[in-house]
Enquirer: 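Mind looking over this structure? Questions follow.
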Amino acid sequence: MNPLVSPDTRHGGTRLSVNVNKVALLRNTRHLGIPSVVRAATLCLQAGADGITVHPRPDERHIRAHDVHDIAALLKDWPQAEYNIEGNPFHNLMDFVRELAGKGMPPQQATFVPDSEGQFTSDHGWDLALDGERLRPLVAECTALGVRVSLFMDPLPAAMALARAVGAQRVELYTEPYAAAHGQVGQAEQLSRFASAAAAAQAQGLGVNAGHDLNRDNLADFLRAVPGVLEVSIGHALVADALELGLPETVRAYQRCIRAAESGAGWLRGGPRP
């Protein structure tokens, strides 16, 4: 473990993976190389982040190809942290997975997301009845390379058996519907939907991740209602908070949200993590 990491920021429950796309988006507005994506990732790891996420889109409007490789090189010095690369496996994601595996530093996780090339942001999960057979060989290839596959999914319990059938090890629940309902009349209904979907995934032997529009206000409520979430991937809100608090304190604040949720939900530590 890196000695710069405060020991009280590590825990055995939900892991926090910081998505650094928005750092890259700001950098790309000028040609000065600042802010540095690698420096931002380093600050997050030093503050206790459990991993780093990137979503390199084909148009490189934020994360660029060299960022993917630069962060992989950085994480060689952080063996306790996980590298999660998101994207559409029918576009450019598999090229990155293959390149990094060929260099002996594959990401721990590839999150398959059904985005179109010009899509503004991820806004729906996979339709596995439509795309499952095309995904199956790519899931198998990642697995053979030692890379865990997580499928970006809407909270539909019936779809979790299909996710397992194509060979995925995890699903990432698309949480924007919950985030939009947080603090509103529909919050309880959304939490029930996500809890049912997570339980269905876990019954299939799948690990459960979550992400999209989670923030300091809604994260703990989500984790209390949806037990057993292994990882949350947070980018936009975390980087926005960092403009006020700074990256290290923001990471610590999100970890406090996670620990508060776990202490209230009675997380069972230990055991295998799919």
Side-chain angles (χ1 to χ4, degrees), residues 6 8-23 25-26 35 40-41 43-55 62 84 86 111 113 120-125 150 152-155 171-199 208-267:
S6 302
D8 65 348
T9 63
R10 295 291 169 187
H11 49 90
T14 304
R15 293 177 178 267
L16 172 66
S17 186
V18 176
N19 186 319
V20 293
N21 278 26
K22 290 302 169 69
V23 178
L25 183 66
L26 178 59
L43 289 171
C44 291
L45 293 166
Q46 289 175 347
D50 301 295
I52 299 296
T53 291
V54 295
H55 187 149
H62 35 61
N84 173 47
E86 300 180 345
T111 299
V113 184
F120 178 68
T121 188
S122 304
D123 62 9
H124 64 282
S150 178
F152 196 67
M153 299 291 292
D154 297 311
V171 293
E172 179 177 330
L173 298 179
Y174 168 54
T175 51
E176 191 278 336
Y178 157 71
H182 186 259
Q184 308 298 319
V185 174
Q187 176 177 328
E189 179 183 356
Q190 287 294 336
L191 285 173
S192 178
R193 289 181 66 216
F194 280 91
S196 296
V208 176
N209 299 339
H212 211 280
D213 289 348
L214 294 174
N215 57 44
R216 285 187 295 156
D217 293 328
N218 62 33
L219 177 58
D221 288 341
F222 182 84
L223 294 177
R224 290 188 187 102
V226 187
V229 173
L230 298 177
E231 174 190 291
V232 289
S233 175
I234 304 178
H236 182 88
L238 192 150
V239 173
D241 288 339
L243 295 176
E244 177 182 354
L245 303 176
L247 269 174
E249 178 53 34
T250 299
V251 169
R252 289 190 284 266
Y254 276 86
Q255 290 286 29
R256 287 193 294 269
C257 291
I258 291 170
R259 292 200 300 275
E262 291 171 355
S263 64
W267 177 279

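Heavy-atom basis, side chains included; hydrogens, waters and symmetry copies ignored.
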Enquirer: Ignoring hydrogens and geometry beyond distance, is a side-chain donor-acceptor pair present between N19 and T53 at under 3.5 Å?
Expert: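 Short answer, no.
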
Enquirer: Out of curiosity, R193 CZ to Y178 OH, how far, rounded to the nearest 0.5 Å?
Expert: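 Reported value, rounded in 0.5 Å steps: 13.5 Å.
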
Enquirer: Can you check whether V20 reaches V239 side chain to side chain, under 4.5 Å on heavy atoms?
Expert: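 Of all side-chain heavy-atom pairs linking V239 with V20, none is under 4.5 Å.
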
Enquirer: Are any of the side-chain heavy atoms of L219 and V232 separated by less than 4.5 Å?
Expert: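 They are in contact (side-chain heavy atoms under 4.5 Å apart), so the answer is yes.
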
Enquirer: Taking G246's backbone N and O only, do any of them form a donor-acceptor pair with T250's side chain (distance below 3.5 Å, no angle check)?
Expert: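 Yes: the side chain of T250 pairs with the backbone of G246.
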
Enquirer: First locate atom NE2 of H236, then atom CG of D241, and finally report the distance between them rounded to the nearest 0.5 Å.
Expert: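 Between atom NE2 of H236 and atom CG of D241 there are 9.5 Å.
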
Enquirer: Any side-chain heavy-atom pair from S233 and E86 closer than 4.5 angstrom?
Expert: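 Heavy-atom side-chain distance check passes, below 4.5 Å.
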
Enquirer: Indicate whether the side chain of S17 and that of N84 have a donor and an acceptor atom separated by less than 3.5 Å.
Expert: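 Not at all, the side chains of S17 and N84 share no donor-acceptor pair under 3.5 Å.
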
Enquirer: Please say whether more than 12 non-hydrogen atoms of neighbouring residues, nucleotides or ligands are located less than 6.0 Å from CD in E249.
Expert: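 Yes, because the 6.0 Å sphere around CD of E249 holds more than 12 heavy atoms from other groups.
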
Enquirer: Using 0.5 Å steps for rounding, measure from the CE atom of M153 to the CD atom of E172.
Expert: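 Nearest 0.5 Å value for the CE-CD distance: 11.5 Å.
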
Enquirer: Looking at G125, is its backbone amide N or carbonyl O close enough to the side chain of D154 to form a donor-acceptor pair, meaning the two atoms are under 3.5 Å apart?
Expert: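 Looks like yes, one N/O pair under 3.5 Å.
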
Enquirer: Assess the side chains of D50 and Q255: does a donor N or O sit below 3.5 Å from an acceptor N or O?
Expert: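 Yes, a side-chain donor-acceptor pair sits under 3.5 Å.
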
Enquirer: Is a donor from one side chain sitting under 3.5 angstrom from an acceptor on the other, for D221 and H182?
Expert: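 Yes, because at least one side-chain N or O of D221 sits under 3.5 Å from a partner of the opposite role on H182.
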
Enquirer: Rounded to the nearest 0.5 Å, what separation is found between the CZ atom of F194 and the CG atom of L223?
Expert: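 F194 CZ to L223 CG: 12.0 Å, rounded to 0.5 Å.
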
